[in-house]
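Structure first, then comments.
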Amino acid sequence: MLYSEPSVASKFTQLVPVRITDLPSAQPLFGLSRPELAARLVEAGEPAWRGQQLAHALYRQRNQSVVEISTFSKELRERLIARGWEVGRPRIAQVFQSVDGTERYLVAGRGVDAGVSPDTVETVWMPEGDDGESGDGSGYENAAESEISEAGKRRSRATICVSSQVGCAVNCQFCLTAKLGLQRNLSAGEIAGQVVAVLDRQKVEIGRDRVNLVFMGMGEPFLNYDNFMAAVRLLVEEVGLSPQRMTVSTSGIVPGILRFAAEPAEVRPKLAISLNAPNDTVRSEIMPINRKWSIEAVVAAVRTVKLRPRERITFEYVLLAGVTDKPEHAREVARLVRRSGLPVKVNLIAWNPGPGIPYALPEASAVDGFRRSLAGEGVPVYLRRPRGRDIFAACGQLKMTVEG
Ligand code: SAH
Ligand code: SF4
């Protein structure tokens, strides 16, 4: 074991063999799974069962530094700190507040302090959700919740929108994030860390308050699959959030959908597909990824997901004036939904504008007509309310990160 007492180490720093992984620049603890934490502890000469205490401290008690870990003796905490151990949880570096109560955060990792750029990601808190995803997504839950107090109701609809990458490689023509290109993947700790940082800021108590998570921030989660799912497992197994209150949205990455279908129900979030167009011709135009995986290929992959009772697949549909919002498009979408044979609900999103994006806002009458048309055809349909447009927090508006 390459350990020396801190007092000795400080006198003979140059003589003490230090492992690279023990330096402060080593991987932070936050983001490690319970077995990984146990392995780190064993390396430090501690019993493996302390991994459970450490996981509890990091993810349940949301301790932000090793000093705070009350289940460890003072001596042990000091020893670990001397080895360079640190929690290294992402922190909220900047807050933008919308008139509608939405907050957009720039969440910074340790790289910011070290001058690594880009190292901030965007996370959004919507205190009342956006009517897109709530609870089991059936929409019926809202009705039951109208019985409870305003405050309670608001709490149960609160939604955190989480990023999975800095930028995005998918290049959807209507999305501001696409303009960044892919800067980098986020680690599991950086993905789960956004959630935990917001839970802390909003004083959310697991068990008392209910929050929904939507993986619909910056990036394509299924192009960062391993880190995304590792984050989900931490959020479910350690933080204590329910996967049935989480929704992951994909632009239709078929290999990712197939892997997702194989995840056990205990850790599998609900699935949303960014359909956004009534047919392959329009979709290929606005989402070039459709040339690789067509609507039919995506639907076939989605069919392999074993849904829970009452669970529905969400089709997100961005309304672009003149491009995707015509009455015949609505009829085509209804046919597509029927043909898919899937239990689907459609989330309509009026396009949120962004600088340099050559589309136009749909007319209110077109949005309403589209919704009525789908509802008339028996398709469950919801209109997602734009949240935080004034602070660039709405869908597809996340990109200010790099500019700072
Ligand atoms: N990359 C994933 C998840 C993030 S995007 C995906 O594409 O599914 C989340 C949702 O925002 C997607 O459904 C996307 O179609 C939508 N979106 C992107 N840009 C938008 C914009 N400018 N206005 C409205 N919705 C937008
Ligand atoms: Fe990426 Fe989603 Fe934006 Fe498409 S809509 S560019 S997949 S973030």
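Please read all numbers here as calculations on a predicted model, not as lab measurements. Atoms within a ligand are numbered from 1 in the order they appear, just like the ligands themselves. Below, all heavy atoms of this structure are taken into account, side chains as well, without hydrogens, waters or symmetry copies.
Between D226 and R259, at least one side-chain nitrogen of the basic residue sits less than 4.0 Å from a carboxylate oxygen of the acidic one, meeting the salt-bridge criterion. With respect to R371 and D368, a salt bridge is recorded, a charged nitrogen being found less than 4.0 Å from a carboxylate O. Note on R50 versus E46: salt bridge recorded, some NZ/NE/NH1/NH2 to OD/OE distance being below 4.0 Å. Look at R34 and E238 and you find a salt bridge, because one of the NZ, NE, NH1 or NH2 atoms lies within 4.0 Å of a carboxylate O, short of that distance. A salt bridge links K74 to E78: one of the charged nitrogens lies within less than 4.0 Å of a carboxylate oxygen.
Those atoms of ligand 2 with a heavy atom of A178 less than 4.0 angstrom away are 6 (S). Proximity to S251 (heavy-atom distance under 4.0 Å) selects the following atoms of ligand 2: 7 (S). Listed by number with element, the atoms of ligand 1 under 4.0 Å from a non-hydrogen atom of N276 are 15 (O). The ligand atoms of ligand 1 that sit less than 4.0 angstrom from a heavy atom of G217 are 4 (C). Heavy-atom proximity to F174, at under 4.0 Å, picks out these atoms of ligand 1: 15 (O), 17 (N), 18 (C), 19 (N), 20 (C), 21 (C), 22 (N). Close approach to E316 involves these atoms of ligand 1, each under 4.0 Å from a residue heavy atom: 10 (C), 12 (C), 13 (O). With ligand atoms numbered from 1 in the order given, ligand 1 contributes 1 (N), 2 (C) to contacts under 4.0 Å with heavy atoms of E220. Distances below 4.0 Å separate heavy atoms of S274 from the following atoms of ligand 1: 6 (C), 7 (O), 8 (O), 12 (C), 13 (O), 14 (C), 15 (O). For ligand 1, the atoms lying closer than 4.0 Å to a non-hydrogen atom of I349 are 24 (C), 25 (N). Near C168, with a cut-off below 4.0 Å to any heavy atom, the atoms of ligand 2 are 1 (Fe), 6 (S), 7 (S), 8 (S). Of all atoms in ligand 1, listed by their number and element, those nearer than 4.0 Å to a heavy atom of G219 are 1 (N), 2 (C), 3 (C), 4 (C).
Residue contacts with ligand 1 leave out P353, since none of its heavy atoms falls under 4.0 Å from the ligand.
Residue nearest to atom 16 (C) of ligand 1, selected from V318, L361, L223, T247: V318 (by heavy-atom distance). Distances from atom 2 (C) of ligand 1 to the heavy atoms of S249, A169, A178 put S249 nearest.
The two residues T120 and V166 make their nearest non-hydrogen contact at O-CG2, 4.3 Å.
E103 and S98 share no side-chain donor-acceptor pair at under 3.5 Å. In summary, the side chains of N185 and N227 do not present any donor paired with an acceptor at a separation below 3.5 Å, with no hydrogens or angles considered. With hydrogens and angles left out, the side-chain atoms of Q194 and E122 include no donor and acceptor closer than 3.5 Å.
In summary, no N, O or S atom of C172 is located under 2.8 Å from atom 3 (Fe) of ligand 2.
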I'd like to know whether Y317 forms a ring pair (Phe, Tyr, Trp, His ring centres under 6.0 Å) with F370, so could you lay out the CA-CA distance, the side-chain angles of the two residues, the decisive distance to 0.1 Å, and finally the verdict.
CA-CA 11 Å; Y317 192 96; F370 208 98; 4.9 Å; yes
